[in-house]
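Everything on this sheet refers to the single structure shown next.
Position 1 is the first residue of the sequence; numbering continues from there.
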Amino acid sequence: QVQLVESGGGLVQAGDSLRLSCAASGVTFSLGAMGWFRQTPGKDREFVSEITSTDDKTYYATSVKGRFAISRDNAENTVYLQMSDLRPEDTAVYYCVAERQGRIMNTPDYWGQGTQVTVSS
């Protein structure tokens with residue numbers, strides 16, 4: 001089965017940067033898209049960013065646009081999220097997600113276990 005494993009989370013100060021990585025394994029077909037959700041306790045999971053598999057088209061939530069950048073390495077089936085100018089409100093568990101076909105939907109087909117990002121002031 002498809003498995004997504006995130007890495008790169010940690011504790012940083014406001015204004016710092018982090019790069020999250022997500023490696024996909026068990027993929028025997030072309031995924032439609034890979035991306036990221038995040039969740040803070042007591043709040044719903046929210047979409048952060050995605051990148052399509054066919055043309056590397058990127059999409060971002062308004063709250064992170066201009067600060068975060070998503071990219072992928074097709075050879076390693078890996079997606080990255082470069083996060084810059086981090087803010088305390090970015091604190092969350094970040095989940096790597098993937099969609100079988102097409103764009104990421106409200107409930108992606110595949111989820112990683114998540115990696116904690118904590119931004120202090």
Side-chain angles (χ1 to χ4, degrees):
Q1 294 184 350
V2 174
Q3 184 176 19
L4 307 176
V5 180
E6 306 96 332
S7 62
L11 173 64
V12 298
Q13 300 289 327
D16 285 353
S17 298
L18 278 175
R19 188 176 76 162
L20 305 183
S21 299
C22 173
S25 62
V27 181
T28 59
F29 52 90
S30 297
L31 294 168
M34 295 183 68
W36 299 87
F37 274 60
R38 67 185 182 185
Q39 185 173 30
T40 299
K43 298 179 62 177
D44 292 337
R45 290 180 179 178
E46 63 174 335
F47 169 81
V48 177
S49 183
E50 70 175 303
I51 183 168
T52 60
S53 298
T54 56
D55 57 3
D56 285 346
K57 191 172 183 179
T58 59
Y59 302 86
Y60 299 93
T62 301
S63 59
V64 307
K65 190 173 297 183
R67 299 187 298 117
F68 291 10
I70 191 169
S71 61
R72 70 182 302 136
D73 183 340
N74 291 328
E76 297 184 357
N77 218 7
T78 301
V79 66
Y80 304 94
L81 186 68
Q82 178 66 49
M83 305 183 294
S84 300
D85 191 25
L86 284 162
R87 306 166 180 172
E89 54 263 39
D90 294 319
T91 295
V93 176
Y94 283 72
Y95 295 90
C96 180
V97 298
E99 192 75 26
R100 295 188 195 95
Q101 300 184 63
R103 293 277 308 279
I104 298 292
M105 305 299 291
N106 291 338
T107 305
D109 295 319
Y110 306 104
W111 294 80
Q113 290 295 306
T115 184
Q116 177 71 46
V117 173
T118 302
V119 185
S120 65
S121 60

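- Within the structure, salt bridge (Lys or Arg N to Asp or Glu O under 4.0 Å) pairs that include any residue of residues 12-28 do not occur (at least two apart or interchain).
- One finds the CD1 atom of Ile51 at 10.5 Å from the CG atom of Leu81 (value rounded to the nearest 0.5 Å).
- Listed here is the closest heavy atom pair of Ala33 and Ser53: N-OG, 3.6 Å.
- Across all their heavy atoms, Arg72 and Asn77 have their closest contact at NH2-OD1, 4.1 Å.
- For the pair Val79/Trp36, a side-chain contact is recorded, criterion being any heavy-atom separation below 4.5 Å from C-beta on.
- For Gln101, the CD atom counts as loosely surrounded, since its 6.0 Å shell holds 12 or fewer non-hydrogen atoms of other residues, nucleotides or ligands.
- For the atom pair OG (Ser84) and CZ (Arg67), the distance works out to 9.0 Å, reported to the nearest 0.5 Å.
- Hydrophobic clustering of Ile, Leu, Val, Met, Phe, Trp and Tyr side chains at less than 4.5 Å, counting indirect connections, keeps Phe47 apart from Met83.
- Within the structure, the disulfide bond (SG atoms under 2.5 Å apart) test picks out no pair touching residues 26-86 (sequence neighbours left out).
- Minimum interatomic distance between Ala69 and Tyr60 (heavy atoms only, all atoms of both residues): CA-OH, 3.3 Å.
- Taking the side chain as every heavy atom from C-beta outward, Phe37 and Ile104 approach each other to under 4.5 Å.
- Judged by distance alone, with hydrogens and angles left aside, the side-chain atoms of Thr40 form a donor-acceptor pair with the main-chain N or O of Thr91 at under 3.5 Å.
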Step by step, would you call Val48 with Tyr95 a side-chain contact (heavy atoms from CB on, under 4.5 Å)?
CA-CA 9 Å; Val48 177; Tyr95 295 90; over 6 Å; no
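- Contacts of Ser17 classified as side-chain hydrogen bond (donor to acceptor under 3.5 Å, both in side chains), with partners at least two apart in sequence or in another chain: none.
- Within the structure, disulfide bond (SG atoms under 2.5 Å apart) pairs that include any residue of residues 50-95 do not occur (at least two apart or interchain).
- Residues Ala98 and Pro108 come closest through the heavy atom pair O-CB, 3.8 Å.
- For Arg100, the side-chain hydrogen bond (donor to acceptor under 3.5 Å, both in side chains) test picks out Asp109, Tyr110, with sequence neighbours left out.
- Listed by first then second residue, pairs satisfying salt bridge (Lys or Arg N to Asp or Glu O under 4.0 Å) with a partner in residues 50-66 read Glu50-Arg103, not counting sequence neighbours.
- In terms of the salt bridge (Lys or Arg N to Asp or Glu O under 4.0 Å) criterion, Arg87 has no residue partners (sequence neighbours excluded).
- Screening residues 23-82 for disulfide bond (SG atoms under 2.5 Å apart) gives no qualifying pairs among residues at least two apart or on separate chains.
- Follow the hydrophobic side-chain contacts under 4.5 Å out from Val93 and you never reach Val12; the two are in separate clusters.
- Considering only residues two or more places apart in sequence or on other chains, Glu89 meets the side-chain hydrogen bond (donor to acceptor under 3.5 Å, both in side chains) condition with none of them.
- With rounding to the nearest 0.5 Å, the separation of CD in Gln1 from OG in Ser25 is 10.5 Å.
- At least one side-chain heavy atom of Thr52 sits under 4.5 Å from a side-chain heavy atom of Tyr59.
- For Gln3, there are no side-chain hydrogen bond (donor to acceptor under 3.5 Å, both in side chains) partners at least two apart in sequence or on another chain.
- Looking at Thr58, its side chain never comes within 3.5 Å of a backbone N or O of Ile70 through a donor-acceptor pair.
- Note on ring orientation: taking the six-membered ring where Trp is involved, the planes of Tyr94 and Phe68 are tilted (angle from 30° to 60°).
- Sequence neighbours left out, the pairs with a member in residues 10-116 that pass disulfide bond (SG atoms under 2.5 Å apart) are Cys22-Cys96.
- A donor-acceptor distance shorter than 3.5 angstrom exists from the side chain of Glu6 to the backbone of Gln113, with no hydrogens or angles considered.
- Sorted by first and then second residue, the salt bridge (Lys or Arg N to Asp or Glu O under 4.0 Å) pairs with a member in residues 27-49 read Arg38-Glu46, Arg38-Asp90; sequence neighbours excluded.
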Stepwise side-chain contact (heavy atoms from CB on, under 4.5 Å) check, Leu4 with Met34
CA-CA 10 Å; Leu4 307 176; Met34 295 183 68; 4.1 Å; yes
